[in-house]
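Just so it is clear: chains get the letters A, B, ... in the order the sequence lines come, proteins before strands, and each one is counted from 1. Small disclaimer: the values here were computed from a predicted structure and weren't measured.
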Amino acid sequence: MPEGYNFAYLDEQTKRMIRRALLKAVAIPGYQVPFASREMPLPYGWGTGGIQVTASVIGPGDILKVIDQGSDDTTNAVSIRRFFSKTAGVATTERTIDATIIQTRHRIPEHPLHEGQILVYQVPIPEPLRWMEPRETETRKMHALADYGVMHVKLYEDIARFGCIATSYNYPVLVHHRYVMAPSPIPKFDNPKMDRMPALQLFGAGREKRIYAVPPYTSVKSLDFEDYPFEIQRWDQPCALCGAADTYLDEVITDDVGTRLYVCSDSDACQERQKGAA
Amino acid sequence: MRDGTNGPQAGSSGPSSNAARARWLAILAQAPKQVLKEAWGRLEAKPDYRLIRAPETGLALVRGRIGGVGQRFNIGEMSLCRCSLAVDDGQGGEVAGHGYVAGCDQDHALYVALFDGLMQLPPHGARLESDLIAPQEKTQADAKRQSVETAQASRVEFFTMVRGE
Amino acid sequence: MSFVPAAGFADPVTDANASFRAVLNAMAHPGRLFSITAQPPAPPVLGCGLGSILLALADRDTPLWLSETIAVPEVAGWIGFHTGAQLVGDHRMASFVLFHAQDRLLPLDDFSLGSPEYPDRSATLLIGVERLQEGKGLTLSGPGIESTNRLDIDGIGPEFWQARANLAPLYPLGLDLIFCTQNQVAALPRTTVVEA
């Protein structure tokens, strides 16, 4: 580990403050705990919240995986992985099953997570009610009173306009039958994975200065209506690389005449499957 | 590292000994680490010590008057290192030594804490005063005077402007 | 001669991290035991389990309240030196409350339970116990528990569990409990349902 950096970049005072926020977040599933987010050496929107959570949790024995839109090789994932191998000297991996901590932006890995793993989400806007109600004082009151009618109205308006619930990512969930929570901009395809997940899920929003959590084996229900039940995306073709029919696919345009290719967004799951088939 | 505790007091004899300790702590904190390291190397009988608070790096909020006038306000945060240890006094007791230095050099804080402990022990105190503290005080004062003189030499008086002081 | 406190963590960064991870795991898996590996030379009346948790989590922003048996000068000096946390006489102001299982129980609803808008501003109770054992005793269910967990906590009587159960209707307001021996920790967040 190079001289001059604190372990995992943050000073101990900051880690203590974040650690206390994390403990309260786990104790009150889905509730957004305010915390004193620090300036990080990268801009807001690049995962400053997730990085601060990871930095406060990570220890010398951890193995870190970082994904961005499911992929281990995109700029954001590569920079954050290098950031922690430089400042904390921890081992990193691309394999979902080997990682003890997985920091993610916009996806949950396809391979089911196991107990003892920690999934850290980077969150741009932690408040699910923000687009309906811009005032923090009001949204706080709405959470206090569990007054979530406005969220159902929004989903209803989707149905009235489009004939179905058109929200396809950051789809609101109800955690432990109490708090409506933003799952961060993961596709709604991933929402069912959050329900009773054996791994601990931590969420960090750096710009908005909020931390929240879902403990293992906790009920996470996507909001819906009896006559319009929650549904996930489906594709009419499998992944062009590994042939998986049960994963989230990215649409890749391959030439100028609009030829399209559908491939797994989770690069690790796709490669593992290709290796298995070979 | 906003630590409000003053920790153990130097000796037991009130403000005068505190002032003396503040003087040597300031000199030690501003002395280069290399100087302290060499002074430690020159010690014949190195006392035993145990760490109370291992060296650690943190942030401190710096306040001041940026323009030299008005109310103090928060200028920014700076990195600093601190360390606390207990030095064996050779008579079955021990004294606490504390070191706070600017920057991220944890060994530097450790040396300051060691010498702070030693300065409170009569056999070491007098020798270190002449060997380390007094020469460093002079070096630091000279460096400061020189920098003030350099700055003063560049002062320009404009006939058409009134200095705002 | 001057007061010289006992040492804190031998390795402040990794010991604090390991102690926090034990508490985080305990909070995420209520009723399961996790090891506290750090062994700071905390005053014996505090014990190195509670001592490690305090060093890892307490600082100037967390007022502490200590029970009479813990609030001896040696402990107050050690905590003050290493954490800088303020010791408060009024237990309603404390964010961390420390007591031993055998201490006189204060009414639980007298501690800070948070507010409806900010349920996180509630006290965390750190309770020193002689022995913790998994697989027997109380039956626990709730978030963090796959079906049920069982935990036996030495020296905590039924009146305590009754007082805790009385807080349940106030959720999301509530108290989070951390039980600690010399080297093991278990936690019961406010969401855990306890049956005797």
Side-chain angles (χ1 to χ4, degrees), chain A residues 6-8 11-13 15-36 56-62 88 100 115-116 118 136-137 139-146 175-176 178-179 196 198-202 211-220, chain C residues 9 11-30 32 53-62 83-85 95-96 114-124 141-147 149 171-178 187-192:
Chain A
N6 291 316
F7 179 82
D11 59 286
E12 292 301 297
Q13 161 94 16
K15 288 182 193 167
R16 257 196 310 273
M17 173 270 296
I18 294 175
R19 286 167 179 168
R20 289 195 298 263
L22 284 169
L23 291 177
K24 285 297 174 194
V26 172
I28 317 168
Y31 165 74
Q32 301 165 48
V33 183
F35 81 110
S56 306
V57 170
I58 203 164
D62 279 308
T100 56
E115 202 177 286
I118 298 176
E136 170 70 12
T137 47
T139 52
R140 221 155 242 290
K141 214 170 282 167
M142 289 155 86
H143 282 295
L145 301 171
V175 178
H176 186 46
R178 178 57 179 81
Y179 281 103
R196 296 190 57 79
L200 171 63
Q201 304 174 71
L202 304 175
I211 279 171
Y212 51 106
V214 178
Y217 310 113
T218 300
S219 155
V220 178
Chain C
F9 281 140
D11 182 342
V13 173
T14 47
D15 286 351
N17 180 263
S19 304
F20 162 71
R21 281 291 278 277
V23 177
L24 179 68
N25 275 329
M27 203 58 99
H29 300 278
R32 295 241 310 260
I53 295 175
L54 273 185
L55 292 184
L57 296 176
D59 59 27
R60 288 240 295 184
D61 300 332
T62 58
T83 71
S95 29
F96 288 110
S115 64
E117 280 87 1
Y118 294 95
D120 57 306
R121 295 180 185 172
S122 57
T124 303
S141 58
I145 303 172
E146 192 168 8
S147 53
N149 276 351
Y171 184 82
L173 277 61
L175 296 173
D176 306 309
L177 315 178
I178 297 173
L188 298 185
R190 64 196 75 184
T191 49
T192 305

Please rank [options] by heavy-atom pairs under 4.5 Å with chain A and give me the top one.
| options | value |
| --- | --- |
| C:Gly144, C:Pro116, C:Gly142 | C:Gly144 |
| C:Gly114, C:Pro189, C:Ser122, C:Ala18 | C:Ser122 |
| C:Arg121, C:Arg21, C:Arg190 | C:Arg21 |
| C:Ala58, C:Ser115, C:Ser95, C:Ser147 | C:Ala58 |
| C:Ala26, C:Ala16, C:Pro119 | C:Pro119 |

Minimum heavy-atom distance A:Arg16-C:Leu57, with the two atoms named: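 Minimum heavy-atom separation between A:Arg16 and C:Leu57: CD-C, 3.8 Å.
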Where A:Pro29 and C:Thr191 come nearest, the two heavy atoms and their spacing: CD-CG2, 3.7 Å
Per-residue contact mode, [X] against chain C (heavy atom under 4.5 angstrom):
| X | answer |
| --- | --- |
| A:His176 | side chain |
| A:Thr137 | neither |
| A:Gln32 | neither |
| A:Leu145 | neither |
| A:Leu23 | both |

Flag the one option from [options] with the top tally of heavy-atom pairs under 4.5 Å to chain C.
| options | answer |
| --- | --- |
| A:Val33, A:Val57, A:Ile58 | A:Val57 |
| A:Glu115, A:Lys141, A:Met142 | A:Glu115 |
| A:Asp62, A:Val214, A:Val175, A:Ile118 | A:Asp62 |

Would you call [X] and [Y] a side-chain contact if the rule is heavy atoms closer than 4.5 Å?
| X | Y | result |
| --- | --- | --- |
| A:Arg19 | C:Val23 | no |
| A:Lys15 | C:Val13 | yes |
| C:Pro143 | A:Tyr217 | no |
| A:Lys24 | C:Tyr118 | no |
| C:His29 | A:Leu200 | no |

Supply the atom-to-atom distance A:Phe35 CZ to A:Leu22 CG, rounded to the nearest 0.5 angstrom.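 One gets 8.5 Å once the value is rounded to the nearest 0.5 Å.
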Between CG on residue C:Asn149 and CZ on residue C:Arg32, distance to nearest 0.5 Å: 6.5 Å
With a 4.5 angstrom heavy-atom cut-off, is it the side chain or the backbone of [X] that approaches chain A, or both, or neither?
| X | answer |
| --- | --- |
| C:Pro12 | backbone |
| C:Leu177 | neither |
| C:Ala28 | both |
| C:Ile145 | backbone |

For the residue pair A:Tyr179 and A:His143, categorise the inter-ring angle as parallel (less than 30°), tilted (30 to 60°) or perpendicular (more than 60°).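 Aromatic pair A:Tyr179/A:His143 classed tilted.
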With sequence neighbours excluded, tell me which residues meet side-chain contact (heavy atoms from CB on, under 4.5 Å) with A:Glu136. A:Arg130, A:Thr139, A:Arg140, A:Arg210
